[in-house]
2 protein chains.
Amino acid sequence: MLGTAEKSTRAPRHEATRQRIVDEAWRQVRQHGLAGLSLRRLGSSVGMRAPSLYSYFVSKSSIYDAMFAQGWAECIAEVTPCVTASDRRGVLRQLARSFAAFSLRDPIRYQLMCQRVIPGYVPSPEAYAEAVEALELTISRLRGVGIDGPGDVDLWTALLTGLIDQQIANDLGGERWLRLIDDAVDMYVDRIDRRAK
Amino acid sequence: MLGTAEKSTRAPRHEATRQRIVDEAWRQVRQHGLAGLSLRRLGSSVGMRAPSLYSYFVSKSSIYDAMFAQGWAECIAEVTPCVTASDRRGVLRQLARSFAAFSLRDPIRYQLMCQRVIPGYVPSPEAYAEAVEALELTISRLRGVGIDGPGDVDLWTALLTGLIDQQIANDLGGERWLRLIDDAVDMYVDRIDRRAK
DNA sequence: GTCTATATTTGGATAGAC
DNA sequence: GTCTATCCAAATATAGAC
């Protein structure tokens, strides 16, 4: 009657417990992998039995949904304020560095947000909306420094996620690809500059 | 006594059955996801019970291993002959197009080969050797056209896998990132040229 | 080499008492 | 809202007969 499906301001305790469950779910996927989330273990870690979780989430997928949405919300909250420059190269550098730092601090979160890894799980439209908002913030940042050609944004996301994916898959904990970020930004900026002519 | 653990030329029938099992395993992961491979189902699809599979593979992981190695062997066999150009831009274009085509024709295979997605599975050293060989072939191709600076190869793999990852994750079946390949190659080549000065 | 039988563990989800 | 009890299904792997 009140809210949109699973959110309500009227039951703060309920909402707090939901959050505790999600927090613990993050802990568990970091330890056991994204697909290794178990309701029994999750329940017992927050002090209840598995069936009780169904008072807070209608299914296991809806827990992933809450995590997915939270991940993108955190991304928006953390990355956006990092971009303070106003010149093109500066904006791109800050964008790349802060998003890379955000992603590599929690590779499992990045996996849930940016890769299709859990068999059978597809983000709900509501959860996906958060991801769309993050992308739109990026798009508007790029437009602010004159980057809005067809494919320009897509090439940027590919370049940035490529560096991060490689870093995660082949040198987790190191900086083999991380240290190429400034090079990559320069390469990208030069291309934009050249196309402007 | 004879061979290296799991390979033998002396039992062609045995080897043929192994291959049938691996082929069927590919079919199943394409349908149920990488983590959705089940020994019961796999066995029954090749006309035997799950325990019989243990006559051919010591564990489920060793099936993934065989698939991993086969994927990289196929990559070597398919991508290498596609590169016939001798100029820098031509080589990079052929390399990028053929690897992208190879990857996108079978996204699940790409996932197994290039992303860490199966909880608890890590390629064995023998399986990984095939991946290393593929990378070395790429490195030598790049060196052949004068690309060998520190980070140059890493930036190339990041750029290429970034495009493919985005294509798979966000526009499977389309060509939104695929069509940026030539642009990306140009951007990369310009950077190399500029650094030469 | 293949089978049956089984060990052992685990999974998500529901019914219904309290 | 939480519990017990249970359903139902699935998983990998081993033992031992044939």
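Naming convention: chains lettered A, B, ... in sequence-line order (proteins, then strands); numbering from 1 in each chain. Hydrogens, waters and symmetry mates play no part in the numbers below; they use all other heavy atoms, side chains included.
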| request: Using a heavy-atom cut-off of under 4.0 Å over every strand shown, decide if Ile63(A) touches base, sugar-phosphate, or nothing. | output: nothing
| request: Over 60° means perpendicular and under 30° means parallel, so classify the ring planes of Phe68(B) and Tyr128(B), tilted if in between. | output: parallel
| request: Take the protein atom CZ of Arg41(B) and the nucleotide atom C1' of dA11(D), then report the distance between them rounded to whole Å. | output: 11 Å
| task | Figure out the OH/P separation between Tyr54(B) and dA15(D), and round it to whole Å. | result | 12 Å
| Could you state the CZ-C1' distance from Arg18(A) to dG1(D), rounded to the nearest angstrom? | 15 Å
| field | Arg105(A), CZ atom: more than 12 neighbouring heavy atoms under 6.0 Å | value | yes
| request: Return the value, rounded to whole Å, for the distance between atom CZ of Arg13(B) and atom C1' of dT2(C). | output: 12 Å
| field | Whole-Å distance separating the NE2 atom of His32(B) from the P atom of dA10(D) | value | 11 Å
| field | Verdict with reasoning, Asp186(A) to Arg191(B), per salt bridge (charged side-chain N to carboxylate O under 4.0 Å, His left out) | value | CA-CA 9 Å; Asp186(A) 290 343; Arg191(B) 172 184 171 277; over 6 Å; no
| field | Closest to the Lys60(B) side chain, choosing from dT2(D), dT4(D), dT12(D) | value | dT12(D)
| query | Can you check the Arg40(A) CZ to dT6(D) C1' distance for me, whole Å? | reply | 10 Å
| message | Starting the side chain at C-beta, find the nucleotide from dT2(C), dA11(D), dA5(C) nearest to Tyr56(B). | response | dT2(C)
| said: For Arg49(B), I'd like to know if atom CZ has over 12 heavy atoms of other residues, nucleotides or ligands within 6.0 Å. | reply: no
| Looking only at side-chain N and O atoms, does Ser38(A) come under 4.0 Å of OP1 or OP2 in dG11(C)? | yes
| query | Starting at the 5' end of DNA chain D and moving along, which residue's nearest nucleotide shows up first, Ser55(A) or Leu39(B)? | reply | Ser55(A)
| query | Can you say whether the rings of Trp72(A) and Phe99(A) are parallel (under 30°), tilted (30 to 60°) or perpendicular (over 60°)? | reply | parallel
| request: Could you tell me the separation between the CD1 atom of Ile118(B) and the C1' atom of dT12(D), rounded to a whole number of Å? | output: 15 Å
| remark: With the side chain defined as heavy atoms from C-beta on, Met48(A) is closest, among dT2(C), dC3(D), dG1(D), to dC3(D)
| request: May I ask you to say what Leu53(A) touches in the nucleic acid, namely base, sugar-phosphate or nothing, with a heavy-atom cut-off under 4.0 Å? | output: nothing
| said: Measure CZ/Arg49(A) against C1'/dT2(D) and give the value in whole Å, please. | reply: 10 Å
| task | Could you check whether Ser52(B) gets within reach of a base, just the sugar-phosphate, or nothing at all, counting any heavy atom under 4.0 Å? | result | base
